[in-house]
Student: 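Just dropping this structure here.
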Amino acid sequence: FKINNSMTVLAMSAGLLFILMLCRYLLTNGLAVRHPRLKKFHLYLVARGNLNERLSDEISARIKNDRENGFAGNLAFNEVNVVRRDSNKDKANIIRTAFIRDIDKIIHCPYYNRYADKTQVFSFYKNDDITRRGLHVQLVSRIARTIGKALGLNLDLIEAIALGHDIGHTPFGHAGEEFLDELLFEHIGRHFSHNIHSVRVLDKIFPYNISLQTLNGIAAHDGEIELSEYYPVPLDTFEEFDNQIENCYIDKKNVRKLVPGTLEGCVMRISDIIAYLGKDRQDAEKASILKTDAYEECAIGTYNAEIINNLIVNIIENSYGKPYIKMDAEHFEALKKAKSDNYELIYKNDIVKAETHNIVRPMMRQMYERLLSDLTLGKNDSPIFTHHIDYVNKAHYKRDIPYEQTEPNQIVVDYIASMTDDYFTDLYAYLFPESELNIIYKAIYKKTINEIKFKGLEGDWINFEWV
């Protein structure tokens with residue numbers, strides 16, 4: 001088959017290009033994915049990184065028009081209505097508005113630094129490219145502010161919630177949280193949850209007078225629960241909030257009942273899931289646990305960049321101008337499937353679970369009992385006094401009761417939860433120098449290098465074995 005007419009070739013090329021552009025437009029805007037064959041093609045393109053969704057022309061035009069005409073809507077939380085425990089302090093001014101004050105308090109909290117060395121998912125790796133919790137909170141903040149900007153919400157409130165949402169997290173990720181909850185419940189019948197403890201850090205351990213709106217967003221951020229629609233339930237008083245928090249200590253199931261009181265809190269809650277869903281997959285590959293192609297293809301993609309883009313776009317598309325945050329059914333089902341895959345392939349992975357359960361769990365139990373004993377016996381030279389109680393008391397904030405009069409188990413929990421992974425490991429070695437339990441980190445280099453020769457200080461060649 002031979003075509004001699006150049007005009008015919010040009011026309012056919014133009015026609016093919018038009019068809020491809022039309023298909024891409026329809027697929028990108030979700031207008032053709034109902035057809036089974038087109039839907040398969042849509043999934044194929046997304047999974048191969050060839051299709052990033054974009055906002056429909058209609059929503060893009062509405063957002064642009066509203067911005068040009070200065071119409072911000074009335075969905076953002078109005079800072080005039082901010083609530084604090086002490087309303088006479090931390091008043092907003094032209095420079096430091098209500099939630100900028102919250103942000104400043106959070107990032108200057110002594111525990112904020114410790115994000116940098118706390119596990120996100122993978123604990124025992126000497127690899128700076130694997131995500132730590134400090135990067136996670138920044139990713140959550142960035143994603144949430146991107147959505148919030150498009151929806152015309154209060155970006156300072158979003159940032160405050162995002163930066164503080166994990167400040168009470170334990171070392172060694174959710175495994176550490178599970179072990180500490182187990183210990184606290186055994187001793188005094190109360191529960192530990194990292195989001196509730198994040199509130200405690202910013203409201204009790206360091207009584208910063210943080211706003212009710214920020215604390216509520218932090219408490220209700222639970223990224224383990226996905227919903228297709230998020231409707232805020234307004235919260236007006238600290239009395240109601242304190243009752244909610246106390247109920248979470250009594251029964252951990254109550255944590256899942258917490259609902260953000262603002263749209264900003266709802267945005268941050270879904271952004272928490274978006275931030276870790278694809279990033280944990282990247283980290284699993286860096287840790288040689290799984291390859292990215294191990295995951296099933298779905299409408300939101302399998303790679304981190306695809307997942308972030310496609311979920312952000314779909315949320316904005318379905319939420320703009322509305323008093324709730326929403327995904328369409330297809331994206332919600334894909335999100336649930338992707339999250340389920342992560343649980344089965346990463347979080348419940350035998351390699352990931354075994355190391356923490358067989359090593360960290362008994363270490364934490366021994367440390368808990370030792371610190372509790374030192375505290376109740378009044379051993380003032382113990383690290384629980386010198387590294388924790390004295391350290392907390394250096395923060396000169398008005399307290400209802402002195403910190404050292406807190407229930408002893410709660411003080412021990414406060415201390416362990418505040419630790420970084422490395423600090424926990426070093427403290428354990430200090431407290432139990434004869435113990436055979438030890439955390440061995442995996443080096444970034446996979447191959448074993450034996451008998452590396454290098455010149456010593458005396459000029460002699462020394463054999464060094466690196467495993």
Side-chain angles (χ1 to χ4, degrees), residues 76-93 96-109 111-112 153-154 156-168 190-222 230-269 392 395-403 405-407 410-411 413-414 417:
F77 184 82
N78 189 337
E79 297 195 1
V80 172
N81 299 319
V82 69
V83 177
R84 299 190 188 277
R85 290 195 185 276
D86 188 341
S87 60
N88 295 316
K89 294 182 178 179
D90 300 297
K91 292 183 179 294
N93 59 40
R96 297 183 70 212
T97 55
F99 299 119
I100 287 179
R101 286 184 173 274
D102 283 357
I103 294 167
D104 289 345
K105 289 171 184 288
I106 290 168
I107 63 176
H108 288 97
C109 174
Y111 290 1
Y112 190 86
L153 302 181
N154 190 315
D156 293 333
L157 175 54
I158 286 174
E159 184 175 12
I161 297 169
L163 295 183
H165 82 275
D166 274 352
I167 203 164
R190 290 170 70 80
H191 286 282
F192 177 91
S193 302
H194 79 272
N195 48 330
I196 304 304
H197 193 68
S198 293
V199 171
R200 176 171 169 76
V201 168
L202 298 171
D203 193 41
K204 302 299 181 186
I205 299 177
F206 302 102
Y208 285 140
N209 202 32
I210 298 284
S211 71
L212 173 63
Q213 289 70 36
T214 295
L215 293 176
N216 163 256
I218 290 171
H221 85 258
D222 197 338
Y230 294 81
Y231 287 84
V233 176
L235 183 69
D236 299 320
T237 68
F238 267 103
E239 181 180 5
E240 184 180 356
F241 178 69
D242 291 342
N243 286 335
Q244 290 179 354
I245 297 300
E246 178 59 24
N247 288 335
C248 292
Y249 282 113
I250 295 171
D251 187 347
K252 201 168 184 178
K253 293 178 182 176
N254 288 323
V255 174
R256 291 177 169 263
K257 298 177 183 178
L258 296 177
V259 180
T262 62
L263 275 175
E264 289 80 3
C266 293
V267 167
M268 186 269 145
R269 180 162 166 169
V392 168
H396 301 293
Y397 291 94
K398 182 181 177 182
R399 303 177 185 277
D400 295 331
I401 59 171
Y403 178 71
Q405 293 182 20
T406 303
E407 200 282 326
Q410 185 63 64
I411 293 178
V413 166
D414 290 347

Student: Check the side chains of Asn243 and Glu239 for a donor-acceptor pair under 3.5 angstrom, ignoring hydrogens and angles.
Tutor: no
Student: According to side chain to side chain contact (heavy atoms under 4.5 Å, CB included), who are the partners of Ser211, at least two apart in sequence or on a separate chain?
Tutor: Val82, Arg84, Phe99, Asp102, Gln213, Thr214
Student: Between the side chains of Asn254 and Gln244, does any donor sit under 3.5 Å from an acceptor?
Tutor: no
Student: Using side-chain contact (heavy atoms from CB on, under 4.5 Å) as the criterion, point out the one residue from Thr262, Asn216, Leu258 that pairs with Leu235.
Tutor: Asn216
Student: Can you sort out the partners of Phe238 under ring pair (Phe, Tyr, Trp, His ring centres under 6.0 Å), two or more places apart, ordered by chain and number?
Tutor: none
Student: Considering residues at least two apart in sequence or located in another chain, which fulfil the side chain to side chain contact (heavy atoms under 4.5 Å, CB included) criterion with Asp400?
Tutor: none
Student: Please examine the side chains of Glu246 and Arg190, heavy atoms only from C-beta on, and report whether any two atoms are closer than 4.5 Å.
Tutor: yes
Student: Once salt bridge (Lys or Arg N to Asp or Glu O under 4.0 Å) is applied, do any residues pair with Asp156, and if so which ones, sequence neighbours excluded?
Tutor: none
Student: Only counting residues at least two apart or in another chain, list the ones meeting ring pair (Phe, Tyr, Trp, His ring centres under 6.0 Å) with Tyr403.
Tutor: His388
Student: Quick one: list whatever passes salt bridge (Lys or Arg N to Asp or Glu O under 4.0 Å) with Glu240, sequence neighbours left out.
Tutor: none
Student: Would a distance-only check, ignoring hydrogens and angles, find a side-chain to backbone donor-acceptor pair under 3.5 Å from Ser198 to His165?
Tutor: yes
Student: Closer than 4.0 angstrom, basic N to acidic O: yes or no for Glu79 and Arg101?
Tutor: no
Student: List the residues meeting side chain to side chain contact (heavy atoms under 4.5 Å, CB included) with Ala395, not counting sequence neighbours, and say none if there are none.
Tutor: Phe206, Tyr397
Student: Among all residues two or more places apart in sequence or in another chain, which pass the ring pair (Phe, Tyr, Trp, His ring centres under 6.0 Å) test with His194?
Tutor: His169, His174, His221
Student: Quick one: does Arg399's side chain have a donor or acceptor within less than 3.5 Å of a partner on Pro207's backbone?
Tutor: no
Student: Which residues pass the salt bridge (Lys or Arg N to Asp or Glu O under 4.0 Å) test with Lys105, not counting sequence neighbours?
Tutor: Asp90
Student: Say you draw a straight line from OH of Tyr112 to CG of Asp166; how long is it, rounded to the nearest 0.5 Å?
Tutor: 11.0 Å
Student: Using salt bridge (Lys or Arg N to Asp or Glu O under 4.0 Å) as the criterion, list what pairs up with Arg85, not counting sequence neighbours.
Tutor: Asp203, Asp242
Student: Applying side chain to side chain contact (heavy atoms under 4.5 Å, CB included), name anything that partners Asp86, two or more places apart in sequence or on another chain.
Tutor: Asn88, Lys89, Asn209
Student: With Tyr249, which residues qualify under ring pair (Phe, Tyr, Trp, His ring centres under 6.0 Å), at least two apart?
Tutor: none
Student: Quick check: does any side chain N or O of Asn78 sit under 3.5 Å from a backbone N or O of Asn81, one acting as donor and the other as acceptor?
Tutor: no
Student: Test your reading of the model: is there a side-chain donor-acceptor pair from Glu264 to the backbone of Leu157, 3.5 Å cut-off?
Tutor: no
